[in-house]
Every structure is written in C-alpha cells, then in structure tokens.
Amino acid sequence: MKARVHITLKNGVLDPQGKAIQHALDALGFSGVDDVRQGKYIELDLAETDKAAAKANVEEMCKKLLSNMVIENYAIDID
Amino acid sequence: MKARVHITLKNGVLDPQGKAIQHALDALGFSGVDDVRQGKYIELDLAETDKAAAKANVEEMCKKLLSNMVIENYAIDID
Amino acid sequence: MKSAVVTFPASNCDRDMYVALEKITGQTPHKIWHQDSDIPNVDLIALPGGFSFGDYLRCGAMAARSPAIKAIAEHAKRGGYVIGVCNGFQVLTEMGLLPGALMRNASLKFVCKTVQLKVENSDSSFTNRYNTGQVVDIPVAHHDGNYFADDQTLAKLEDNGQVAFRYVDEKGEATPSSNPNGSQNNIAGIMNERGNILGMMPHPERFIENAQGGQDGRGFFESIINSLN
Amino acid sequence: MTDINWNNSPDITEDLIKEHGLSDDEHKLMLKILGRTPTLTELGIFSVMWSEHCSYKSSKLHLKTLPTKAPWVIHGPGENAGVIDIGDGQAAIFKMESHNHPSYIEPYQGAATGVGGILRDVFTMGARPVANMNALRFGSTDHHKTRHLLSGVVEGIGGYGNCVGVPTVGGETNFHPSYDGNILVNAMTVGLADQDKIFLSAAAGVGNPVIYVGSKTGRDGIHGATMASAEFTEDSEEKRPTVQVGDPFTEKLLIEACLELMSTDMVVAIQDMGAAGLTSSSVEMASGGGVGFSLNLDMVPQREEGMTPYEMMLSESQERMLVVLKPDRVKEAEALFHKWDLDFAVIGEITADGNLTLTWQGNVVADIPTQPLADNSPEYDRPWVKTEAPAVIDAADMAAPNDLGETLLKMVGSANLSSRAWIWQQYDNQVMADTIQMPGGDAAVVRVHGTDKALAISTDCTPRYCYADPFEGGKQAVAETWRNITAVGANPMAITDCLNFGNPERPDIMGQFVGAIEGIREACTVLDYPVISGNVSLYNETNGTGIHPTPAIGGVGLMQDSSKMIKIAPKENGDVILLVGQSNGHIGCTQYLSIIEGREEGAPPPVDLELEKKNGDFVRKHILDGNISACHDISDGGLFVSLAEMAMASGKGMNIALNNGDIPAHAYGFGEDQARYVLSVSAADADVIISDAAETDVKIENIGVVGGEALDIEDLLTISVKELLDAHASWMPNYMSTES
Ligand SMILES: Nc1ncnc2c1ncn2[C@@H]1O[C@H](COP(=O)(O)OP(=O)(O)O)[C@@H](O)[C@H]1O
Ligand SMILES: [Mg+2]
C-alpha cells in the first residue's frame, strides 16, 4: 500500500525557497507567477493492507517525525 | 490558477533522504515501512487563466529551473 | 564545571566543543552518544554543530527523536544548563525546548564567515561575562540559520529579554546587510524563559584562541562557569 | 579450470567487445589470459580495468619518470594516497583527484561525489581527513553554462564537505574559454595518521573473510557499457541516469566507523570502492597481495532488484569499502558497523589460486587470474610532438596604458583576479577548529591537532603558461605551490598532481603531456619536493578542441611551530615593504596581456628553479626567525596586484616608490617574473634582512612603507584601498546574481 504525504508550510511562515524560486522564475522571464511555495512530498511503501490503519499509522509518523507542527501542515493520501 | 508540481527522483537514483527517513521511522518503532522516497512539492499561483497555456508554461519552468532533468522527473497538475 | 557533549551520528563540531570546554573549564567533559539513555550528572549539556542525521528531512529533526533526548530534556527540566550551537540550536527547537524554527538561509546558500554579534543582555547565565551592547566577533557556518517564529512568540522573546545575541554591523546596528541568513529581528541566539537553555547559530567554540582568528567565544563559556559560582 | 556456466551470458560478439572499448590487441591479450572466451561479466571487468581511467595506459610510461622518493616519503604513488613523515610518529596523507566529466553533466552531484571519492582514498589508509582543497576551471564567463556550473559545483563541494565535517580550506578558480565544454573539478584531501596505523590494500591470508561495508549497490554510474547490459535488466522504462548521487551522511558514518575499526587490530587490508567499484577494489587487493578473491555476489547488499553480476561489478555506487578482516573478528567488526548503522556483509574469502572468482545464484560467472589482469594492463608509448616554444614578447613594443590606476582596478576586479569569497563562504573552512589560515592567503594552514605543528597546503597551476610552453608551465605550477607554502613560513614537503589534458591520441596533446611531466620532474628534483600521489584525466575535449593543459599541483608543507605562521596582511603603519627577487618586466602570457590587451600570446615567464630555491629559503628563514610580519608571493597579475592584495587584506594603504630603470612601468608592475615575494617588516627587521640578503646574494629592494588609506605608487597611481576592495569583492557576487 502506498502513502503519499504532502508537507507544506503553514500560512504566514516565511518560505525562503519558494521566494527564491519565484525570483529566479522572474529573472528567467516567466511572468505572471504571483506566488510560489515549496513543500515536501514523501512516498511511503507500507506493508499494511488496511487503508484506515495505514492512514492512522502515517498520521502518527507525520506528528512524530515527518512534519514540524510549529511551521508545517501535512496531508496524507493512501492508495 | 494554481499549479502543483511534484518533483521526484528518477527510478534507480539513490535517495539518501528517503533512506534516512525510513531508518528514522524504523528507530521510532514504526514497522512495515518498506521504502521511502522524498521529493519536492511546489505550488505556483499563476495569473494565467487558460489551463492549457498554464500547463505549457509550467512545463517550461520545470525544464528550465524547477527540476533537474538528469536525475529528476516532474509531474504537473493544474486547477 | 562538569559538562557533557552529545554526539549524533553526523555531529561534526562535537570535538571542537569538547576541546573548548576542556580548555576553558579545565575539566574533562563527558561524552554522550545519541543512543545513550543514561546520561552523566553534569552542570552543562552541549549539543554541538554538525549535521546530526545528514540534516535530511529537516535539520535536527531526527536527532530530536534520539534516545538520549529524553534524558537531556529531564536535565533541562531540573534546571540544568543546556546549550545548542548551530545544529544543536536546530535540535533544541525541534525538541520544543526553544520556540520557533530555523529555516533555510534566505540566500539559500551555506554561509561561513565571521560575523558581529551584539550581546543583548548581560544578565543571563550565558552572557554575564560580556557587557550589554558589546559587539563580539564569532564565526557562523550553516545552511539553515534563518530564525522564524510567529509574531506573538517573537514579541514575547523580545519583551522577556530572551534574545541573547543579534547579528549587527561594526556599529552595533542590526541592519539587513549584517544579517547572514535572513533571521527575524536579526536573531542569532535565544534563551528559554527560565534562562537555563540557550540556542545560537554562531560557533563560540571556534573562537577561543587568537590563532583561530579571535577569542570572543571564551566569554560565553566563562559566563556559564561564572553563573555556577 | 572452473566451470563457467552463466546461462544468461550472451554471445561475446565483436561489436560487444568494441562497445567495451577494447582494442584488437587488448582483446587478444584478454583471450590469452583467460584461455577462453570471456563471460559478459568478465568482459566488463577487463574493460574497466584496462580503461584509461584505471590502467593509466597512455600516461604510465611518462609518470614513471617523476621523482617520488625522499627520506620523508613513507608511501609514494601506487597506494590510495601518498604518505609523508611529519615527525613524532605522525604522517600526512594526501591526494588530488579529478571529477571533471560528471561535474559537467550534473555539477552538484558530480562535484559532491568527487569530494566523497577523494576523502575515501585518504581515510581508507587510516588517516583522519583534516582539510579539503578544490581546484576549479570553468569556461568563459560569457558561456551560457558557466554560472550554472559554477554555482552547482560550489554547492556540491560545500554540500558534501560541510556535512562530513572536513574543512575546505582553499583552492583556485579560473575562467577560460578552453573549458567551455569541459570544466575541471579537482579535489584534494589531506589527512593525518599515526605512522604505525597506516593501512594498505594488499590482501593476505588464505581463508580470511572479505567484507563489504557502507551503502548498498545500485546501478549508479554504469557508463558506456550500459547498453550491453540493458537487455538483461528487468525494467527499461526509462533510460537510466549514469549520474551518481552522493550521500555525505553515510560517508561521515563510514569515516567514523572505519577509523574506529582501524584503531583495533582486526584489519588485514582495506580499500575504498572508487571508479569501477567492486571490480577495481577486489582486483587491486588480490593482485597487490598475490592472492585470489572468491566472492559470492548474492551476498552483496543491493539497493535495486534484479541486478546482474555485470552490473554489480561495474556499479559506481558511492560510500562503499572492501575490507579483509582477521578470521575470528567478524562478529566484533559487524557490531561496530551496526553501531554506525552501516551495511556489513561477508561476501567472500581470500583464496590461494590468485583468481577473482565470482559466483552468483549458484553459478560461477567469472574466474579471472588477477595478476595477469593487473600486470598486463596495456601501456602505450603514444606518439607526441613537442610544443613549439612561442616568441618572447617585449613590453617596450606595447603601448603603455593611459591610467595605471584604472588598469590596476580593472585587473583586481576581473573574472580571474577578483576575490573568491563568494565561493569559500559556502564552504565550512573552520570545522575541526584547527584552521589557522583561512582562504584568502597564499597557502591554507591547519594545525596538527593537539601539537605545535601545522600543515600548509596550496593548489596551483597556470594553464595559460602550460598551453604556451608545457615544460615551463609544468615547472611553474610546482614552483608556485612551493612558493605559496614558503610564504606562510612552512617547509614544502611533497606534492600530489592532477593532470588534466585533452585527447592523448593526438600527438600535439600528448606532447603537452610529456612537456608538462618533464617540467614537473625538473621542478620536483631541484626543489627536493617529490610527487607522492596523483591522478590523470585525459580526453577533456569537445569537438576536437581540447582544454588548456592543466597539470594541477597540490603541495603540502610542514611547520614545526605554528605560532610562526604569517599571513599576507601587513601589521603596522610604518612597516617597510621589501621586494625579494628579480623583476624583469616579463609580459608574455600575463594576466595584464589577457585582461588589458585581450591577447594571449608570447612565452610564459621562465622559471629559474635554483633562484626559486634561493629566494624561497631566504624568505622562509627570516619568517622563522620572526623577522617578517607579512609576506605574499607574486604570481598572477604581478607586483601591483600583490601589493593591492596585501593592502586589501589589511585595510591599510602603502606608499611605494619603484626603481624600474628602463623597464616600462606597466611591465614592471604587472609582469609575472617568478621567484618573487613582497614582505612587510618592521624598520629594524628590514635592516637585518637587507644585510643578510647582501651576504647571501639575494636580490632585495626597499620599495616603500605601510600607511595611509590608499595604495600610492609614486608618479604612477593612487587608489584608495576601499576602491580596490569594492572592485575585488564585487565581481563574483555581481556576476552570479545576473542572468546569462
Ligand atoms: N575554489 C576555491 N575554494 C576555496 N578557496 C579558493 C578557491 N579559489 C581560490 N581560493 C582562495 O583564494 C585565494 C586566492 O587564490 P589564488 O589567486 O589562486 O592564490 P595564489 O595566487 O596565491 O595561488 C587563495 O587563498 C585560495 O585558497
Ligand atoms: Mg600566492
């Protein structure tokens, strides 16, 4: 079973990487980019076969390690 | 219009981060994690209102800046 | 002063910290391996710089979940001194012992150079051998030293005098160009409310003798010794 | 002979052999050594072992002529790195290596894995790495790839070196159009060990276990020959990248684990898996010890599924080592590696028959006698033609610039002479807390931890000299490292070289190679400064245009008392500025000619090695006597640039008056005559030095004093130090922040 986790910065948290990308795109001549935010994308291969159990498990992982709750949000997809 | 870009390592390319995360999860007692791969997730706010045009534009950005075509793949969603 | 230095797998300033503490305290520091859950009874625990777990995922994240961490937190709870330098600062924020987070440098580049720091308040256990407002030279070397906290936290830090060091120019002004990483309010180091835990990005342990380029870092360690007496 | 039975092995066709780059003669030799047709795995092994990269077939003949011995040399070329005696039972171990091609393809990972590779060469011998250096050459600043390559390479070097905790303390950086299609990334590591704890790769002890430690093996870096194996791999959905990705975290663990292992007495032999990974490491260990290796490839830790023996043997996955242990110590060693969270696998044992025997899934897939494979590696005497010596240019034939001040400003703010702080600030140059001379000076200096001693390190090469005259250029590269090391007060001990050239099959290129080697040989001989390790990188060529010949030299010197070390910044106002050496206004091949006149021609400055030695020994003696407070050698840009650099380093001005006789001022000021130094000394010491110079027949002149806010050269120029600093500091940040 595969879990896909998106970790994004909370609103209001400064995103130096996103800002730098936006700047670089601009310099490369890409106009009309109003905002860029960079996050992390993590794919997990799980032995678990039950969807709900997998989700609960990955939720734990996010809280304990994968995301820093002070600055980040996470979203989990299981398939 | 929002574009979401996933940048992932090509198959077979070593992913030191993913490996380290897998290891850390294991050390925290999360069992049954067979593989972890880490990628980037980039959200762009675009002024463009035409979906096809936006996609073509972001595709260019991926090739020119956002992804490293030698070792990474990218995938674009527009909504 | 009895001290201990923690080593995570890819700590790389642990020896430097150890040597500095040994030279300045005249006592041999203890070594704590990240897997140890029993730690020695000491006055000060130092979390050194480096890359703990490769700085993968987030700097200090995996280190903050190591077996030794619980005991370190208990030591802090008992009022024992804890310092985190560079990666150690990142670990302390990841542990939740200090507020805020350290983000990628605004330049997105690793930065290694000597910076000027203003000692914001010489009342603390970590700064009492300096004068308030004194400008000292200390090197930085990091990729993620861009201090971030929400406005409320920031205001609290400032109001409580928890900001220990700030990046400044030679005149002591906290200007944008004297800020090596984009930190909010030019923050280089902070303390907890109780005043027994400090985290800072610059490396005082690298500047303890003139051959290294300066010795302004000594005062930091001497302050801790002083506050124990 | 063992039964070779790999039923998957394809027919070894002529085409397949061609694809593996074996010549007809090499093919015949392979058949003779084996006494039969090879399996695919064997073909792969022969192919990589006999590649230019592993066999040095074009260069061996000439490399043999280099001086490699001195009483203080413990191990010269032939080991993973060279070893010198630095007294008190301690040794310095160092080597430089190229990672040019990978860095052009993928600058970050190419440079990062280059650093990883050279670190392994050094710690595999038992040394703790204490300093990294990097010598970089990029294409023209106008070339559309240069910014991207520069930023990626620097980030990669920092990303790797910073994480493993080894300070990157210096290097050099040039831009020249000859590198447009072939950048050079040369990395050097210096390590320290106790002489009784130096480890070699020669295996011994029939029955001893062979251990694999470090990262798992993937399909990384299986180069040109990939096509041959593609049909045997499961997935072909996407073309496999041949780029290797570095994992500095694992490298750091590997350093600590290996050094811990080597502090015990468990190890018989140890070798990193460098280029050609498992193949070259096992062949070298076996042939070096005159034993055989029997390996069970099923035991190799693998990152990917369905890997074939061919792929496992040719993989260039990083952060891996091969160790032969004493037989009863496997459990202990395993526990040690597990403590550091590293893979540990017994993959075979030492055998008596001298063969590399590989089994996989119950079948023998290769069985090669290693001695003939190693000993019979091809050696070519490639035809070469001597580079014709260019005519000497006379500065008197050249118009003088209108404004010497503006000229100097333009030079210090040029691509090739401006500050490299933008680069070195991305490197942790202080970790380990023993760096006592950081980038920006003549040589980097790191203390030998816990002692009064220190090592001085410098990498140098002036490719434009080498292109004009490989022999003089080769001499100059060696002499410049020697001079830089001298200028900080250290005693130059030995060098490593990294010889970057174009296609050796072209006689003119081969002539450059031969000429440079001759020059290096002569310089090392006269300066008593042996070559103890090195690396050759050929075929740096695109569309028939080769790079400028670039024999990068990495020199290491020793100081007994690190408190005597000096830097380039004058200390006190009123100090006297002395010029040591003969200034002839040599203008050919200079930075002045290139930057100001846009010309690259003429003969390079000749290098009088006896004079180098005399002047250098004189300067060093006075540094060690405590008579000199700052010293800077004169190289790129000549006297005026050296003076400007000293003024910028101290923030103090200078008042200089020249005695240039009938040499035009611009030639005197920007000429690049060799064997020269600028000293800053107290007035009292100046008398001592000048009278000693008279006695020892060293040419010395008092040219002025330190003071004021400007570099003032009487009748010629006045520029404020601030203006100089602005020009010098801003070029690279400005360049990197503008888009191509
Ligand atoms: N790529 C680099 N990395 C680190 N330091 C560098 C690099 N390139 C140049 N430097 C440093 O910049 C200074 C000037 O370099 P260079 O002009 O080559 O010195 P020199 O002429 O004395 O050999 C030296 O201290 C050198 O170590
Ligand atoms: Mg020099």
Side-chain angles (χ1 to χ4, degrees), chain A residues 1-11 13 15 17-50 53-68 72-78, chain B residues 1-11 13 15 17-50 53-68 72-78:
Chain A
M1 181 145 260
K2 213 165 189 140
R4 300 169 207 279
V5 180
H6 287 85
I7 295 167
T8 50
L9 288 171
K10 287 189 173 162
N11 266 340
V13 175
D15 176 9
Q17 274 145 317
K19 241 167 65 187
I21 293 173
Q22 186 177 0
H23 185 82
L25 287 173
D26 197 60
L28 285 172
F30 291 101
S31 57
V33 181
D34 297 333
D35 194 24
V36 181
R37 301 282 282 172
Q38 176 168 331
K40 289 181 193 123
Y41 172 62
I42 300 174
E43 288 178 352
L44 302 133
D45 282 345
L46 304 172
E48 180 66 64
T49 51
D50 179 75
K55 178 136 190 183
N57 204 15
V58 175
E59 185 117 21
E60 268 308 291
M61 295 178 197
C62 285
K63 286 191 188 142
K64 284 223 176 114
L65 178 73
L66 300 181
S67 86
N68 176 347
E72 294 170 329
N73 292 323
Y74 61 85
I76 302 169
D77 293 304
I78 306 272
Chain B
M1 178 147 264
K2 212 166 188 134
R4 298 167 208 280
V5 180
H6 287 86
I7 294 168
T8 51
L9 286 170
K10 287 189 176 166
N11 260 340
V13 174
D15 177 7
Q17 304 224 45
K19 205 171 82 179
I21 295 171
Q22 185 180 0
H23 195 85
L25 287 173
D26 196 61
L28 286 173
F30 291 102
S31 56
V33 182
D34 296 334
D35 194 23
V36 179
R37 303 279 283 175
Q38 176 167 336
K40 283 181 203 138
Y41 171 64
I42 300 173
E43 287 179 354
L44 302 133
D45 282 345
L46 303 172
E48 181 64 64
T49 51
D50 177 76
K55 176 136 191 183
N57 205 15
V58 175
E59 184 119 19
E60 267 310 292
M61 297 179 194
C62 285
K63 285 190 188 142
K64 283 223 177 113
L65 181 75
L66 303 180
S67 92
N68 177 348
E72 294 171 332
N73 292 325
Y74 61 85
I76 303 170
D77 293 303
I78 308 271

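In this text the structure is predicted, and so the values were computed from the model without any measurement. Residue numbers begin at 1 in each chain, while the letters A, B, ... track the order of the sequences. Just so it is clear, the values below take in all heavy atoms, side chains as well, and ignore hydrogens, waters and symmetry mates.
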Notebook entry, point to check: Below 4.5 Å, heavy atoms only, C-beta onward: do A/Val33 and B/Asp45 meet side chain to side chain?
Noted result: no
Check: In terms of heavy-atom proximity below 4.5 Å to chain B, should A/Gln22 be classed as side chain, backbone, both, or neither?
Finding: neither
Item checked: Nearest non-hydrogen partners of A/Glu60 and B/Phe30, listed with the distance -> CB-CE2, 3.6 Å
Item checked: Distance, nearest 0.5 Å, that separates NZ of A/Lys2 from CG of B/Asp34 -> 11.0 Å
Checklist line | Considering all heavy atoms, the nearest A/Leu65-B/Ala24 contact | finding: CD2-CB, 3.8 Å
Checklist line | Any B/Asp35 side-chain heavy atom under 4.5 Å of A/Leu44 side chain | finding: no
Note to self: Return the CD1 to CD distance between B/Ile7 and A/Gln38, rounded to the nearest 0.5 Å.
What the structure shows: 7.5 Å
Note to self: At a 4.5 Å cut-off on heavy atoms, which part of B/Leu28 comes close to chain A: side chain, backbone, both, or neither?
What the structure shows: side chain
Item checked: CD on A/Glu43 to CG on B/Asp15, rounded to 0.5 Å -> 10.0 Å
Checklist line | Part of B/Gln17 lying under 4.5 Å from any heavy atom of chain A | finding: neither
Checklist line | Gap between atom NE2 of A/His6 and atom NE2 of B/His6 - 0.5 Å precision | finding: 2.5 Å
